[in-house]
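Read the structure below first, then the notes.
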Amino acid sequence: MNPSGQGLTVAIVEDHAVLREILVTYVECLPSVSTCSAVSSAEQALSELDALGPDVMFVDLSLPGMTGIELIAELRRSHPEIKCAILSGHRSGRYVAQAFDAGAKAYLLKGDPLEIDRGLDAILAGRSYVSTDIDGVH
Amino acid sequence: LRRFFSEVAEDSGLAYVVVVHLSPEHESHLATLLQPHSKMRVIQVQETMPLERDCVYVIPPNANLDAIDTHLRVSPLERRRLERAPIDHFFRTLAETHDGNAIGVILTGTGSDGSRGLKEIKLRGGLTIAQDPTEAEYDGMPQSAIATGFVDFVLPLAAIPAAVVRFARTRPRLPSMPDGETVEAGERAQFHKILALVRAQTSRDFTRYKHSTLMRRIQRRMQLRHIEELDRYVACLRESPDEVQALSEDMLINVTSFFRDPEVFETLQRDVIPRLFEGRAPDGEIRVWCIGCATGEEAYSIAMLLAEEASSRGGMVPRLHLFASDLHERSLEMARDGFYPGDIAAEVSEERLRRFFVEVKGGYRIRKEIRELVVFAPHNLLADPPFSRLELILCRNLLIYLQRDVQADVVRIFRYALQPGGFLVLGTSETVDVSGLFRTVDKERSVYRRGEASAPLHLPSFPLIRPMRAAATPSAIPPARFASMHQGMLEQYAPSSVLVGPDGEVVHLLGQAGRYFEHPVGRMTANVAKLVRTELSLELIAALHAARRERRTISTRPVPVRFNGETRPVAMHAHPATAAEDEGFCLVIFEELRADDEAAAEGTPAHDRQRISDLSHDLDLTRQRLQSVIEEFETGQEEMKASNEELQSANEELRSTMEELETSKEELQSMNEELQTVNQENRHKVEELASLSSDLQNLLASTDIATLFLDREMRILRFTPKIEELFNIRLSDRGRPISDLTHRLGYPGLLGDAQSVLRTLKRVEREVQDESGRWHLTYILPYRGAGERIEGIVITFVDITRRKQSEAALEQLTRTLEHRVTERTRQVRELTTSLVRAEQRERRRLSETLHDELQQLLYAAQLKLRQAREALGEVGPAQGSLEQAESLVAQGTQLTRRLSVDLNPPILRNEGMTAILGWLQGHMRELHALDVDVKAEGEIQLDDADVRVLLFQVFRELLFNVAKHSGTRRATVRLREAPQEFVFEIADEGHGIATSALDAGPTASMGLTSVRERVGFIGGTLEVRSASERGTTVTVRLPREARLNA
């Protein structure tokens, strides 16, 4: 949430190039979002963090090099103000738990475009969100 | 038979009678069968029918044939099969009626029927022929007939008819003598020549035999030799000693059988035998003489009767002594042998047969105890001194062959030989005509008994032992007329005289000799000393004695004798007979002097009286002396008698000894034969052994096995040539201890082993290498001699070098192979592992591609579709299509995600088994509606990723099987940690797998097989327990350090 009270600045960490572009266009169109940019790795996200200046960051779980969860954990330490959410195809509860342990605010599943809407709404409302389609943690 | 009759000419002039053994139940077609083969008429005999020449008569079934004169008669057959002997029966009746005109032919057949009948025929002068047994279909009857020794010819069938006709056609021109006593003058000379010839060769004298009988036998021999003139036969006898022998044998033939004339034997058994035993002390003996015993049947019959009586009396019985004598040596031999053909069963009762005979092949043999009772000896009744002190004499059917006067002499001999009261049994047609010597016991059976009184020893001085007399005297019988006239006148005018025999008996009186005799009171006697008037007695005895001694005429002084009150002096002149054969006979002539002659001779009375008294005195003294001499003489005579008896018994003993010797000789002969046989056998055995030995030699040589034989002291006995390659041994080393020899074997323990084998008898087997590197398989075995005795050691060396080499090569090969197999296995494993890894890799790649690429793209498509839909706004038909597209993509996403997970569950990334199973749990529930109950004891962490993946796959496969096949919706997984391994169990309670299907079933177990294989890859095991409808439990064991390609 930027100080202007305008739309949110969203950053997306996604290694898949095509999806990355489409995600950016999709998220930019969301009413609460003003700008959206994307990087392809966690390392790039950290190095360009200042340029990105995100309020909310959607992180893919499996990334080349640093994983999404490691990135979230790093960001919680260095930039606690950035609200992170996992956007992943993995549905294992284990990852969900790890993600929340690392400091993620939401765990969103790729597969339903509305997940992004619902997750962003929850983050803006200060709630945590876990996709309904997650396997239970055993 | 067919062949026989086809050989017979139609005009032989003979009648043929065929007797065969026929089944009594069946009709016989023999006659019809024979007819085509014979030129003569063939007739089956019915009832009684006359015999015609050139006809063939056939016996009807179930009948005997009797020959009666010129007719044949059918008579009923004996009821008992055993007794049936139609051939014997017919032969017998034939022989009785047809004498020498009968011909008996024995052809093929079993048994011994006919043998006996043949004897009868031969005895009566008929011809006997037997078929050659080698040619006969059944040789029983011919063999039996030949064995009797009564067969004239043994001929092949084809030659028989010719022989028959030849015999029948030969008609010797001989005088017919219907039982005449002597031969007609014409033939007499020839006849006596024949007898002389026989006597010269065989020392058998037949002159006293009835001439008619002898003539019949001669005729028979002539027929056999086809000689018709008597003088030619005599010539033939001169040339051929064999013929003389044959004739002599023929003359002696006698036929007997057991218990012949049964009624006689019944009488004997009932009346005679018991009396023999009566009053006989147990230590005494009963002596019986059986004369003309032939082949011994009669003697044995009597012996049986005696034995029966003895055993019925039981206890102590007198010793039995049976003498059986005959002239015919061959018969005696047969009698001694005591073997009789089977047909005697008809004569001897079954009980006796059992008791006194032993059944042997082809007949019966008399038992030893009976045989030993009888002593068989050759004895000529007419020449040899008789046996004496007998109780019983059997002399049946012998007298009939003797001339009448000889018969009387023989009867006297019997009387002499018998004890007082002894019995004499003659043939039923024979009689004793010397009355007074015997009493008749049973006239019909010709049983006689000697008088009780002991008559003076009177033997007819063996008149028969001077055999030459008969031959020498024929001319001594002068023309009767002048002789008798002279005789009559002499009797009338010559002084009275008496002929005194050597024993002092009055033999003949002449003239008025009776007046000088006066029979004394008491028993009737013929003794001249007792008969003569008392006054003459003394002088006569002295005169006879002197005359005999001095062989000159002795005259006595006149002795006054009172005749009817008138005293007349009588002088006696004793003239001894001068002819040698009349020795002992004396003629006593009585000379009657006138009374005054005597008175004149007396001289002066006074002087005479003195002389008379002196003489009387002398006479008294002489009388006394004479008395003592007489007494001495009598004693001497007694002694002589005793010695005579002793001599006789010694003679008998000699005879029995001879008999025994004869038997021993036979025994020795048979023993010798046996020994020869044994010798022969031994020779055979030796030959066999030799060939066996050479076989062994060859075998040993051919096996090429070195063999060494040692004795118990380890000395060399034998060895095969091959041994020489191993030992420094030479043939001369036999007998040396084995330890003396060096050998090229690397086997120092040889001797020790050999000794231990000898001790333990257990074989030792060793493989040893010699110095040249060759291998030998050595066997050391105990040498077992005859009777399992251990006689040493056998050592064999078998060259096994090549085997050894092959073994080594084989071993090498095996090792190489094993190595290769290991190598190849390892390679396969590696390949498999890399395959598994490749699979994993590929799965991962696919999974990742699905996840990282396809899923992302689909997601992007979703996002775009959503954007497009929102851009389109609320309405329009495109809205619906977009929604549908969105939903399709969503399904695609979901499918892709599942596929990705299935290919490479993310859960496997370095997590514990609990987690893995937990994931599977969810997976199973979600996809297969299977509830999996996980029961874990603590966490199991598997570090090796490959192992983890594999194990995961295994579990998934197994659980999938449960879901698919068990029929239940529930499974239990148990995890356990053992010290060395992890144990996992997947159990369900479903249908179970039939055990047989576990390994064999291609469908159900296919998964299991691949699962098992996978477990194997990581070094684990898989075990399945299952039973139909009782569920299945699969247990997987995994080593802690399990790794792929362990």
Side-chain angles (χ1 to χ4, degrees), chain A residues 10 12-31 33 36 38 40-41 58 60-64 67-69 86-99 108-120 131-138, chain B residues 844 847-871 882-883 885-887 889-901 904-923 925-927 932 934 936:
Chain A
V10 177
I12 293 171
V13 184
E14 172 59 64
D15 56 339
H16 198 276
V18 178
L19 185 60
R20 190 166 62 232
E21 291 307 311
I22 289 170
L23 270 174
V24 170
T25 50
Y26 183 83
V27 172
E28 273 179 342
C29 295
L30 289 176
V33 177
C36 181
S40 63
S41 70
F58 292 106
D60 194 0
L61 197 63
S62 44
L63 290 169
T67 69
I69 287 172
I86 292 285
L87 182 64
S88 169
H90 294 292
R91 311 209 284 178
S92 169
R94 264 174 64 89
Y95 293 127
V96 178
Q98 282 174 13
L108 310 177
L109 275 181
K110 293 177 180 168
D112 185 357
L114 287 179
E115 281 284 291
I116 294 173
D117 304 37
R118 286 195 285 269
L120 200 57
S131 173
T132 49
D133 206 10
I134 290 296
D135 295 336
V137 178
H138 302 282
Chain B
R844 206 149 40 230
S847 171
E848 275 165 11
T849 310
L850 282 174
H851 182 269
D852 294 347
E853 297 296 328
L854 194 55
Q855 222 171 324
Q856 310 301 329
L857 288 174
L858 285 172
Y859 187 43
Q862 269 182 322
L863 290 172
K864 276 288 172 207
L865 282 170
R866 171 118 183 92
Q867 262 181 317
R869 193 153 56 86
E870 274 174 15
L882 281 175
E883 261 178 46
E886 258 185 295
S887 142
V889 174
Q891 281 178 33
T893 307
Q894 234 170 9
L895 201 65
T896 317
R897 189 185 297 139
R898 195 177 300 159
L899 206 56
S900 160
V901 166
N904 190 27
I907 196 77
L908 290 176
R909 283 166 205 154
N910 200 15
E911 291 189 33
M913 277 312 290
T914 327
I916 295 172
L917 285 170
W919 186 87
L920 260 176
Q921 208 168 20
H923 182 75
R925 192 184 313 118
E926 189 180 327
L927 287 179
V932 181
V934 178

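A, B, ... follow the sequence lines: proteins, then strands. Residue 1 opens every chain.
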* Structure fact -> All heavy atoms of P113(A) vs all of R866(B), minimum pair found to be CB-CD, 3.6 Å
* Nearest 0.5 Å please: distance from the CG atom of L114(A) over to the CD atom of E886(B). => 7.5 Å
* Under a 4.5 Å heavy-atom cut-off, does chain A meet the side chain of L858(B), its backbone, both or neither? -> neither
* Measure distances from T25(A) to the heavy atoms of chain B and classify the residue's part below 4.5 Å as side chain, backbone, both or neither. => both
* To do: Below 4.5 Å from any heavy atom of chain B, which atoms of E14(A) appear? Answer side chain, backbone, both or neither.
  => side chain
* Which distance, rounded to the nearest 0.5 Å, do you find between the CG of L863(B) and the CD of E115(A)? -> 11.5 Å
* Asked: So what's closer than 4.5 Å to chain B heavy atoms on L63(A): side chain, backbone, both or neither?
  -> neither
* Test side-chain hydrogen bond (donor to acceptor under 3.5 Å, both in side chains) on K110(A) and Q855(B) and set out the steps. => CA-CA 8 Å; K110(A) 293 177 180 168; Q855(B) 222 171 324; over 6 Å; no
* Asked: Atom NE2 of H851(B) and atom OG of S62(A): how far apart are they, to the nearest 0.5 Å?
  -> 5.0 Å
* Non-hydrogen atoms of I22(A) and Q867(B) that approach each other most closely -> O-OE1, 4.5 Å
* Residue among Q894(B), E853(B), E870(B) with most heavy-atom pairs under 4.5 Å to chain A -> E853(B)
* Asked: What are the two closest heavy atoms between Y859(B) and L23(A), and how far apart are they?
  -> CE2-CD2, 4.0 Å
* Asked: Quick one: does L19(A)'s side chain get under 4.5 Å of L857(B)'s, heavy atoms only?
  -> no
